[in-house]
Visitor: 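Dumping the structure here so I can ask a few things about it.
In this chain, numbering begins with 1 at the start of the sequence shown.
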Amino acid sequence: MINSVNIPKEEKDSIFYFYPMPHWGGMNTIIAQSNFQSLSPSELFTYCMINYEWYNQNCSGRIITKQDEPQLYGTFYRKYREFVWSDRQLNALKQHRDTIFHLLRNVISKDGFIGTNSLLMMESLNFREGIPIVLAQLDKKENNDLYTLLMLLMMKGEYAKFKKTTIYEDIYGPESHIRSAIDNSQENRDLIRNMAKSFFEQNDK
C-alpha cells in the first residue's frame, strides 16, 4: 500500500524527499483512507510502526552534545519528534488499545529491547501497564530514554506522589521548558524507578 502511493515526480526529485519519509508539504507517505480503514489491528500496528504520516520540521532543534547525553530529560522532543503519527493513526491505535499493547509487548519480548518506535508508542498511548516491561529492561541495561518514559507516564497519569518531588518541579513545573533535565544520578534513577513501580501497583488494583 505504501509503495503504491502516487507521489508527484517533482517531489521525488526534491532534495527534501527521503522515501518513505517526508515529502514536500510536511506530509509523509500516506495510504488512501479506504485502505487505512481496511487494516486489521495487527496490520494497523505494523503500518504505524514503519510509517509516520506527519512530519514536523525542527530546524532549530538543539544539537545533542556529549554534555547533554548523561542527563535525564522530561521529553523526547529533542531527539525523536520530527516524525510523528497523524491524528487518524493515533485515533485508530487508541480504538484498538488492548490489542496494540499485546502486539507491542510481543515485539519487545522478541527483540529483547525497547526500540524507538516502541518507546514512542508507549508514550503516545500512555501505556502505564507497560511500566513492568520498562523496569525489566532497566534491570538488564541502563537507558536514559526509559527513565524519560517512566517520568512521562507518571506525569500524564497525574501521579500525586511524583508531582510533589523536585524532579517533577524541575522538568514539568512552571519554570520548566522543552530542554529541562535533571542530573543522571543514582539517587534520581532509583527515585524514578521506585515511584514508577508504586504508580503501577496503585493503578493496577
Visitor: Once the angle between the rings of Tyr47 and Phe36 is folded into 0 to 90°, is it parallel (under 30°), tilted (30 to 60°) or perpendicular (over 60°)?
Guide: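 It falls in the perpendicular class, over 60°.
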Visitor: Could you go through Asp87 and Glu53, starting from their C-alpha distance and side-chain angles, then the distance that decides it, and tell me whether this counts as side-chain contact (heavy atoms from CB on, under 4.5 Å)?
Guide: CA-CA 9 Å; Asp87 287 344; Glu53 288 188 340; over 6 Å; no
Visitor: What is the distance from atom NZ of Lys163 to atom OH of Tyr159, rounded to the nearest 0.5 Å?
Guide: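 Interatomic distance, Lys163 NZ to Tyr159 OH, rounded to 0.5 Å: 13.0 Å.
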Visitor: What I'd like to find out is whether the side chain of Ile108 reaches to under 4.5 Å of the side chain of Met122, using heavy atoms alone.
Guide: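 Counting from C-beta outward, Ile108 and Met122 do come under 4.5 Å.
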Visitor: Supply the atom-to-atom distance Gln71 CD to Asn184 CG, rounded to the nearest 0.5 angstrom.
Guide: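 Spacing of CD (Gln71) from CG (Asn184) equals 9.0 Å.
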Visitor: Heavy atoms only: give me the nearest Asp145-Asn143 pair and the separation to one decimal.
Guide: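 Minimum heavy-atom contact is N-OD1, 2.9 Å.
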Visitor: With heavy-atom distances below 4.5 Å as the criterion, would you say the side chains of Trp85 and Met121 are in contact?
Guide: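 A side-chain contact exists here, since the closest heavy-atom pair is under 4.5 Å.
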Visitor: Asn91 vs Gln95, test: side chain to side chain donor-acceptor pair (under 3.5 Å). Steps then yes/no.
Guide: CA-CA 6 Å; Asn91 289 335; Gln95 288 176 8; over 6 Å; no
Visitor: Would you check if Met195 and Leu150 make a side-chain contact, meaning some heavy-atom pair closer than 4.5 Å?
Guide: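 Met195 vs Leu150: side chains apart.
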Visitor: Is any side-chain heavy atom of Glu169 closer than 4.5 Å to a side-chain heavy atom of Glu175?
Guide: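 With C-beta onward as the side chain, the pair stays apart.
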Visitor: Looking at every heavy atom in both Thr75 and Thr148, which two are closest together, and how far apart are they?
Guide: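 Distance-wise, the nearest heavy atoms are N-CG2, 3.7 Å.
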Visitor: When the ring planes of Phe162 and Tyr172 are compared, do they come out parallel, tilted or perpendicular, using 30° and 60° as the limits?
Guide: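 Plane angle over 60°, so perpendicular.
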Visitor: Going through the checks in order, is the side chain to side chain donor-acceptor pair (under 3.5 Å) test met by His102 and Asn106?
Guide: CA-CA 6 Å; His102 174 75; Asn106 287 346; 3.3 Å; yes
Visitor: How long is the span from the CG atom in Asn117 to the CG atom in Leu104, to the nearest 0.5 Å?
Guide: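 Atom-to-atom, Asn117:CG and Leu104:CG are 10.0 Å apart.
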Visitor: List the steps, then state whether side-chain contact (heavy atoms from CB on, under 4.5 Å) holds for Arg97 with Glu129.
Guide: CA-CA 11 Å; Arg97 193 179 187 281; Glu129 58 266 50; 2.5 Å; yes
Visitor: Nearest heavy-atom pair of Met151 and Ile167: which atoms, and what distance?
Guide: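 Closest approach of Met151 to Ile167, heavy atoms only: SD-CG2, 3.8 Å.
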Visitor: A side-chain contact here means heavy atoms from C-beta on lying under 4.5 Å apart; do Leu93 and Cys48 qualify?
Guide: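 Side-chain contact under 4.5 Å: yes.
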Visitor: When rounded to the nearest 0.5 angstrom, what distance separates CD1 in Ile30 from CG in Asn51?
Guide: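 Spacing of CD1 (Ile30) from CG (Asn51) equals 8.0 Å.
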Visitor: Evaluate the side-chain proximity of Met154 to Arg128: yes if any heavy-atom separation is below 4.5 Å, no if none is.
Guide: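 No; the side chains remain at least 4.5 Å from each other.
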Visitor: Between Leu103 and Val107, is there a side-chain heavy-atom distance shorter than 4.5 Å?
Guide: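 The answer is no; the side chains never approach within 4.5 Å.
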Visitor: Compare every heavy atom of Ser118 with every heavy atom of Met49, then report the nearest pair and how far apart it is.
Guide: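 Where Met49 meets Ser118 most closely, the heavy atoms are CE-OG, 3.6 Å.
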Visitor: Leu72 and Ile192: side-chain contact (heavy atoms from CB on, under 4.5 Å), yes or no, with the steps?
Guide: CA-CA 11 Å; Leu72 301 178; Ile192 292 168; 4.0 Å; yes
Visitor: At what distance, to the nearest 0.5 angstrom, does OG1 of Thr99 lie from CG of Leu44?
Guide: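 Result: 10.0 Å between the selected atoms.
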Visitor: Return the CD1 to CG distance between Ile114 and Leu146, rounded to the nearest 0.5 Å.
Guide: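 One finds 5.0 Å between CD1 of Ile114 and CG of Leu146.
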Visitor: Can you find a pair of side-chain heavy atoms, one from Tyr73 and one from Ile171, that are under 4.5 Å apart?
Guide: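 No, every pair of side-chain atoms sits at 4.5 Å or beyond.
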Visitor: On a heavy-atom basis, which atom in Phe45 and which in Ile100 lie closest, and how many Å separate them?
Guide: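 Smallest heavy-atom distance, with atoms named: CB-CD1, 3.8 Å.
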Visitor: Side chains of residues 133-142: which donor-acceptor partners sit under 3.5 Å, not counting sequence neighbours?
Guide:
from   : atom 1 : to     : atom 2 : distance (Å)
Asp139 : OD1    : Arg193 : NH2    : 2.2
Lys140 : NZ     : Gly112 : O      : 3.0
Glu142 : OE1    : Tyr147 : OH     : 2.7
Glu142 : OE2    : Tyr147 : OH     : 3.3

Visitor: Take Ser180 and Asp170 through the side-chain contact (heavy atoms from CB on, under 4.5 Å) test and state the conclusion after the steps.
Guide: CA-CA 7 Å; Ser180 292; Asp170 289 342; over 6 Å; no
Visitor: Please say yes or no: joined through hydrophobic side-chain contacts below 4.5 Å, possibly via intermediate residues, are Phe113 and Ile50 part of one cluster?
Guide: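 No, because Phe113 and Ile50 fall into different hydrophobic clusters, even though each may have its own neighbours under 4.5 Å.
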Visitor: For a quick test of reading the model, state the closest non-hydrogen atom pair linking Leu152 to Phe76 and the distance between them.
Guide: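 Where Leu152 meets Phe76 most closely, the heavy atoms are CD1-CE1, 3.6 Å.
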